[in-house]
Amino acid sequence: MVQRRRNRQAGRSTAGKDFVRRQSSTSRDKMASMEKDENGGTTVTKDTKEVSESPQQVNKAAINLMICGAFIAFEVSKQVVTYGTKEYNNGQYPISLTTIVVLIEVVKLLISFILLVHQGGVRTMKLSWRFAIPSFIYGMNNNLFLYALHFAPPPLWNVLIQSRVLMTAVVYRVVFKRDIPPQRWAALLLLIVGISLAEVSNSGHSDTSTSTSVVIQAVLLSIVSASLSTAASIYTEYLFKFDRRPFFEQQVQLYFFGFVMTGVWAMYVTKGAPLAVHGALNASIFWLLVLTILLGGAGGLLVAAIIKNIDNIAKIYSATFAIFLTAIVCSVLFPENFKLNLLFVAAVVTILLSSVLYERAKPKPKDSDTNGVSPQVVTTIPRQLTGELPKGFKAEHKG
């Protein structure tokens with residue numbers, strides 16, 4: 001009898017210990033599965049964190065969609081309003097186009113400077129002549145864009161200027177000896193086809209020989225503009241990637257030199273009268289001019305910031321949709337200068353396919369080619385530019 005009681009007590013004790021072990025093991029498993037949330041600092045389980053990532057992904061997708069929408073809205077508005085300022089004023093800008101470029105540079109400079117002051121970076125700012133080079137090129141290109149609108153409406157110009165992709169590829173291949181995959185050559189061939197279709201679609205708009213000569217001048221201007229854009233983008237990409245200044249200080253440097261150079265050019269062209277009025281500057285033309293300056297200034301900065309936050313494929317689709325939307329708006333507002341037809345639609349679709357194919361065929365950099373530079377930088381900068389920096393480049397600015 002006594003032995004039975006001892007056996008029962010021993011069994012209860014063993015069961016109790018097993019229960020404690022199981023509880024302890026379960027508690028340890030729960031503790032092991034819990035981790036600190038990096039954002040809020042609160043303790044959550046893995047299951048909870050996995051569920052909480054879904055709304056974040058949805059929010060990010062919504063933000064990217066809003067960014068693309070803003071990009072499209074500003075691109076379309078800027079081009080349509082700029083073209084309307086000229087067309088509704090009997091085919092001439094109400095003031096010199098060189099002055100318009102200067103005022104756009106002033107808006108960009110003021111906004112960038114205000115944001116730089118807000119960040120507290122004015123005290124350490126030091127002007128560098130290296131920013132004068134791309135500023136000069138961009139200033140020339142901005143003047144060229146306004147001048148080219150005399151020969152090509154915005155939809156056609158948007159297509160013609162895509163030749164800068166071809167220019168960039170040729171520069172990378174010939175100058176920097178960069179290999180271009182066969183898929184990219186095929187994409188460039190499609191690009192040429194798309195541009196040719198756009199030219200044919202516009203040349204058929206009128207039966208006069210003047211139309212053909214105008215198209216030829218537009219094509220030549222687009223080639224010059226594409227060359228300038230290619231040179232400026234390669235140099236600026238190199239400068240921004242390796243310069244240690246904050247983003248808005250870089251922008252202030254660019255727009256300061258841009259303001260000075262375009263201002264000198266405007267004074268020379270207008271013979272000291274940059275604000276001379278051409279035509280009847282009524283209220284509607286005045287506000288169109290103001291919108292042109294504001295959209296060209298603030299819109300340019302916004303587009304620069306937008307492009308940094310969306311991937312290349314999203315940029316391609318957004319730019320293509322902007323071309324389509326610009327074509328629709330221009331065909332309604334300026335039917336005498338542009339008519340949307342099937343050839344132009346085919347041209348835009350061909351350029352879209354070319355852009356997607358070109359981006360998909362991006363070569364992956366080898367680890368040996370990076371030289372300590374991130375792969376993203378290597379894919380956008382020629383190989384020769386990823387090595388040692390020029391003398392004086394590192395020591396010029398620290399901070």
Side-chain angles (χ1 to χ4, degrees), residues 74-75 77-116 127 129 131-154 157 161 217-218 220-222 224-225 227-229 231-232 236 248 250-304 334:
F74 269 90
E75 278 295 294
S77 301
K78 179 182 70 174
Q79 297 189 43
V80 171
V81 169
T82 302
Y83 193 65
T85 303
K86 176 183 72 69
E87 287 302 306
Y88 292 139
N89 194 49
N90 298 322
Q92 60 181 349
Y93 294 104
I95 58 177
S96 173
L97 64 88
T98 58
T99 305
I100 295 176
V101 172
V102 175
L103 294 176
I104 290 175
E105 293 296 313
V106 170
V107 173
K108 292 178 182 179
L109 178 60
L110 288 177
I111 295 176
S112 300
F113 185 77
I114 291 172
L115 293 174
L116 181 62
L127 289 177
W129 63 267
F131 289 90
I133 298 175
S135 297
F136 174 74
I137 300 175
Y138 282 128
M140 292 175 59
N141 212 19
N142 292 337
N143 278 277
L144 184 60
F145 166 69
L146 293 180
Y147 179 71
L149 292 183
H150 288 290
F151 305 95
W157 181 256
I161 200 62
Q217 293 181 68
L220 293 176
L221 288 172
S222 69
V224 175
S225 179
S227 302
L228 293 173
S229 178
T236 306
F248 286 114
Q250 293 174 338
Q251 300 302 307
V252 168
Q253 299 254 10
L254 277 176
Y255 299 137
F256 171 76
F257 285 110
F259 162 69
V260 172
M261 293 181 178
T262 57
V264 172
W265 176 246
M267 293 296 292
Y268 172 76
V269 171
T270 61
K271 298 179 180 180
L275 296 178
V277 177
H278 307 291
L281 187 60
N282 53 41
S284 58
I285 298 298
F286 172 78
W287 287 113
L288 281 175
L289 177 61
V290 171
L291 282 176
T292 296
I293 296 169
L294 292 179
L295 289 173
L301 277 173
L302 179 60
V303 169
F334 316 107

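Predicted model only: the values in this text are computed from it and were never measured. Throughout, residue positions are numbered sequentially from 1 according to the sequence presented.
Rounding to the nearest 0.5 Å gives a distance of 11.5 Å between CD1 of I293 and CG of L288. Here CE of M261 is found 13.0 Å from CG of N143. Values are rounded to the nearest 0.5 Å. Within the model, atoms CG of L115 and CZ of F248 stand 4.5 Å from one another, a figure rounded to the nearest 0.5 Å. Atoms OG1 and CD1, on T262 and I100 in that order, are 12.5 Å from each other to the nearest 0.5 Å. F113 contributes atom CZ, which lies 11.0 Å from atom CZ of F256 (distance to the nearest 0.5 angstrom). Atoms CG and CD1, from L109 and I104 in turn, are 13.5 Å apart once rounded to the nearest 0.5 Å.
Classification of the Y93-H150 ring pair by plane angle, with boundaries at 30° and 60°, yields perpendicular. Ring pair F334/Y88 is tilted by interplanar angle, where 30° to 60° counts as tilted.
Residues Y83 and A152 approach most closely at CE1-O, 4.3 Å, considering heavy atoms. Minimum interatomic distance between I137 and A232 (heavy atoms only, all atoms of both residues): CG2-CB, 3.6 Å. Taking each heavy atom of P134 and T236 in turn, the nearest pair found is CB-OG1, 3.4 Å. Across every non-hydrogen atom of E105 and N142, the tightest pair is OE2-ND2, 3.5 Å. Heavy-atom minimum distance, W157 versus A218: CZ3-O, 3.8 Å. Here the shortest heavy-atom pairing between G139 and V101 reads O-CG1, 4.5 Å.
For the pair T82 (side chain) and K78 (backbone), a donor-acceptor distance under 3.5 Å is present. No donor-acceptor pair closer than 3.5 Å links the side chain of S225 to the backbone N or O of L221.
Applying the side-chain contact (heavy atoms from CB on, under 4.5 Å) test to V269 and every residue at least two apart in sequence or in another chain returns T98, W265. Under the side-chain contact (heavy atoms from CB on, under 4.5 Å) criterion, N89 pairs with Q92, P94, I285, sequence neighbours left out. For the side-chain hydrogen bond (donor to acceptor under 3.5 Å, both in side chains) test, residues two or more places apart in sequence or in another chain that qualify with T292 are T85.
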Inset, instruction - Given side-chain contact (heavy atoms from CB on, under 4.5 Å), test V107 with L103 step by step and report yes or no. - result: CA-CA 6 Å; V107 173; L103 294 176; 5.8 Å; no
Inset, instruction - In sequence, state the C-alpha distance, the side-chain angles, and the governing distance for F257 and V260, and then conclude on side-chain contact (heavy atoms from CB on, under 4.5 Å). - result: CA-CA 5 Å; F257 285 110; V260 172; 5.6 Å; no
